[in-house]
Amino acid sequence: MENRVTISNQQLIIEPQGLDKVWAVKRQLSIPLDHISGATIDEGIFGQLVQGFRNPGTAIPGIYYAGTFYLGGDKTFFNIKRTSKPVVIQLHDEDYDRIVIGVENPRQLVDQINNSI
C-alpha cells in the first residue's frame with residue numbers, strides 16, 4: 001500500500017508508507033475537508049505527466065511517481081505506482097491544486113471523501 005488515508009477532526013490525512021515517504025519528500029499531508037472540492041478516479045492523469053515537470057520528487061516513468069509535479073500551471077502532489085488506480089483529490093485554498101495518490105481501495109476512498117465534504 002502506498003498511502004494510508006484517514007479522516008479525523010475535519011481533516012483528510014495522507015501518510016505515505018515505507019520508503020514512499022522518502023521518494024515523495026513528504027511524511028504527511030493534512031488537508032481541511034472544507035478545502036477539498038471533490039475526489040475522482042482518473043486514469044488519464046498519467047498522460048499529463050509527459051507535459052509537466054517535477055520539483056522535488058521521484059519519477060520512474062511508467063512505474064512510479066512521487067513528489068511535487070507542475071502540470072499545466074497546477075501544482076500537484078503525486079504518490080502512486082503506475083499499476084494503481086489514481087485517486088485525484090481537487091483542492092482550493094491550499095499549496096497544492098490537487099493530490100494524486102494510490103490506495104488499496106480507491107472507490108471506497110473517493111466515496112468517503114465525497115460523502116465527507
request  = Find the distance between CZ (R4) and CD (E15) and round it off to the nearest 0.5 Å.
outcome  = 5.0 Å
request  = May I ask you to decide if K75's main-chain N or O and D97's side chain share a donor-acceptor pair within less than 3.5 Å?
outcome  = yes
query = Are any non-hydrogen side-chain atoms of L91 and I99 less than 4.5 angstrom apart?
reply = yes
ask   = Do you know which two heavy atoms are closest between S30 and P32, and how far apart they sit?
value = O-CD, 4.1 Å
ask   = Has N9 got more than 12 heavy atoms of other residues, nucleotides or ligands less than 6.0 Å from its CG?
value = no
key: CD on Q10 to CD1 on I117, rounded to 0.5 Å   = 11.5 Å
ask   = If you look at every heavy atom in V110 and A39, which pair is closest and at what distance?
value = CG1-O, 3.3 Å
Pairs satisfying ring-ring contact (aromatic ring centres under 6.0 Å, His included), at least one member in residues 81-117, at least two apart = H35-H92, F77-Y96
Side-chain heavy-atom pair I45, E43 within 4.5 angstrom cut-off = no
ask   = Taking the side chain as C-beta and beyond, is there a heavy-atom pair between Q11 and L33 under 4.5 Å?
value = no
key: CG on L109 to CG on N114, rounded to 0.5 Å   = 9.0 Å
ask   = So, N3 side chain and N79 main chain: donor-acceptor pair closer than 3.5 Å or not?
value = yes
message = Less than 4.5 Å apart, side chain to side chain, heavy atoms only: is that true for Q90 and I36?
response = no
inquiry  = Does any part of the side chain of D111, heavy atoms only, come nearer than 4.5 Å to the side chain of R107, both counted from C-beta?
reply    = yes
message = If I compare all heavy atoms of P86 with all of I80, which pair ends up nearest, and what's the gap?
response = CA-CD1, 3.3 Å
task = State which residues pass side-chain hydrogen bond (donor to acceptor under 3.5 Å, both in side chains) with K85; sequence neighbours excluded, sorted by chain then number.
result = none
ask   = Donor-acceptor pair, D42 side chain versus G44 backbone, under 3.5 Å?
value = yes
task = Could you tell me the separation between the CD1 atom of I14 and the OG1 atom of T6, rounded to the nearest 0.5 Å?
result = 9.0 Å
message = Please give me the minimum heavy-atom distance between G102 and S84, naming the atom from each residue.
response = CA-CB, 4.2 Å
message = Is there a side-chain contact between Q28 and I13 in this structure, where contact means two heavy atoms from C-beta onward sitting under 4.5 Å apart?
response = yes
note = Distance col, row F69:CZ vs R98:CZ, nearest 0.5 angstrom, shows 12.0 Å
Close side-chain approach of I89 to I101, heavy-atom, < 4.5 Å = yes
Face-on cation placement of R82 at Y64 ring, 6.0 Å and 45° thresholds = no
